[in-house]
Asker: 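Right, I'll just put the structure down here and ask away after.
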Amino acid sequence: MRPQSETVVAALARLRAAADRVASAWPDMEWSGPKAAKPLVLTRGEFTDLVVEPGAVMELTSPLRLPRSLEGIELAGEPIDVMVDSIYPIELEHDGAAIFHDANPAVAPGPAL
């Protein structure tokens with residue numbers, strides 16, 4: 001294998017650092033709801049203290065406050081993509097309108113082939 005130039009190595013390091021920052025760029029958000037004992041914090045895309053009772057419905061709300069730009073990219077006027085990874089049925093609403101609904105998330109609860 002040929003040695004890489006310092007310029008290439010530095011460029012790859014900058015790209016990797018930017019990719020790492022963007023991968024966890026979603027802002028920490030505080031979620032609350034009528035059945036939540038205390039506000040839950042969504043950090044790096046995960047709730048750490050979420051407890052869902054079997055058969056219960058948990059409604060959580062949170063204001064979405066995005067920065068004007070992220071890693072030099074202007075966000076104003078751009079669509080927002082959200083990846084939902086949940087083992088629970090979920091419905092997302094924006095301003096009272098359902099924008100996503102999954103009553104039966106695909107989950108492999110045990111060994112899968």
Side-chain angles (χ1 to χ4, degrees):
M1 184 185 326
R2 295 186 345 208
Q4 296 177 332
S5 74
E6 290 181 24
T7 303
V8 171
V9 171
L12 290 173
R14 284 193 313 275
L15 287 171
R16 179 59 200 217
D20 288 345
R21 286 190 304 272
V22 170
S24 60
W26 193 258
D28 290 357
M29 299 171 65
E30 189 172 276
W31 292 73
S32 59
K35 293 184 180 179
K38 64 178 184 173
L40 298 166
V41 177
L42 182 73
T43 304
R44 296 193 70 177
E46 295 185 11
F47 288 111
T48 55
D49 299 324
L50 180 64
V51 177
V52 179
E53 299 294 327
V57 173
M58 176 175 281
E59 182 177 318
L60 298 173
T61 60
S62 180
L64 180 58
R65 295 184 184 98
L66 298 175
R68 293 190 51 76
S69 67
L70 181 64
E71 292 298 319
I73 305 297
E74 290 295 319
L75 301 179
E78 294 296 322
I80 298 172
D81 291 331
V82 177
M83 181 172 46
V84 177
D85 183 15
S86 177
I87 61 172
Y88 303 105
I90 186 168
E91 182 173 325
L92 297 177
E93 295 181 359
H94 180 262
D95 290 337
I99 59 173
F100 179 82
H101 178 79
D102 190 354
N104 298 304
V107 175
L113 300 176

Asker: Which heavy-atom pair separates M29 from P63 by the least distance, and what is that distance?
Answerer: CE-O, 3.7 Å
Asker: With rounding to the nearest 0.5 Å, note down the distance linking CG in D102 to CD1 in I90.
Answerer: 8.5 Å
Asker: Just wondering, are more than 12 heavy atoms of other shown residues or ligands nearer than 6.0 Å to CD in E93?
Answerer: yes
Asker: Once salt bridge (charged side-chain N to carboxylate O under 4.0 Å, His left out) is applied, what residue pairs with a partner in residues 4-16 remain, sequence neighbours excluded?
Answerer: R16-D20
Asker: Check the pair S32, T61 against side chain to side chain contact (heavy atoms under 4.5 Å, CB included), reporting the backbone distance first and the verdict last.
Answerer: CA-CA 6 Å; S32 59; T61 60; 4.1 Å; yes
Asker: How close do R68 and E74 get, counting heavy atoms only, and between which atoms?
Answerer: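 Closest heavy-atom pair between R68 and E74: O-OE1, 3.5 Å.
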Asker: Check for me, please, whether W31 and V57 land in the same ILVMFWY cluster - side-chain distances under 4.5 Å, paths through other members count.
Answerer: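 Result: no, two separate clusters.
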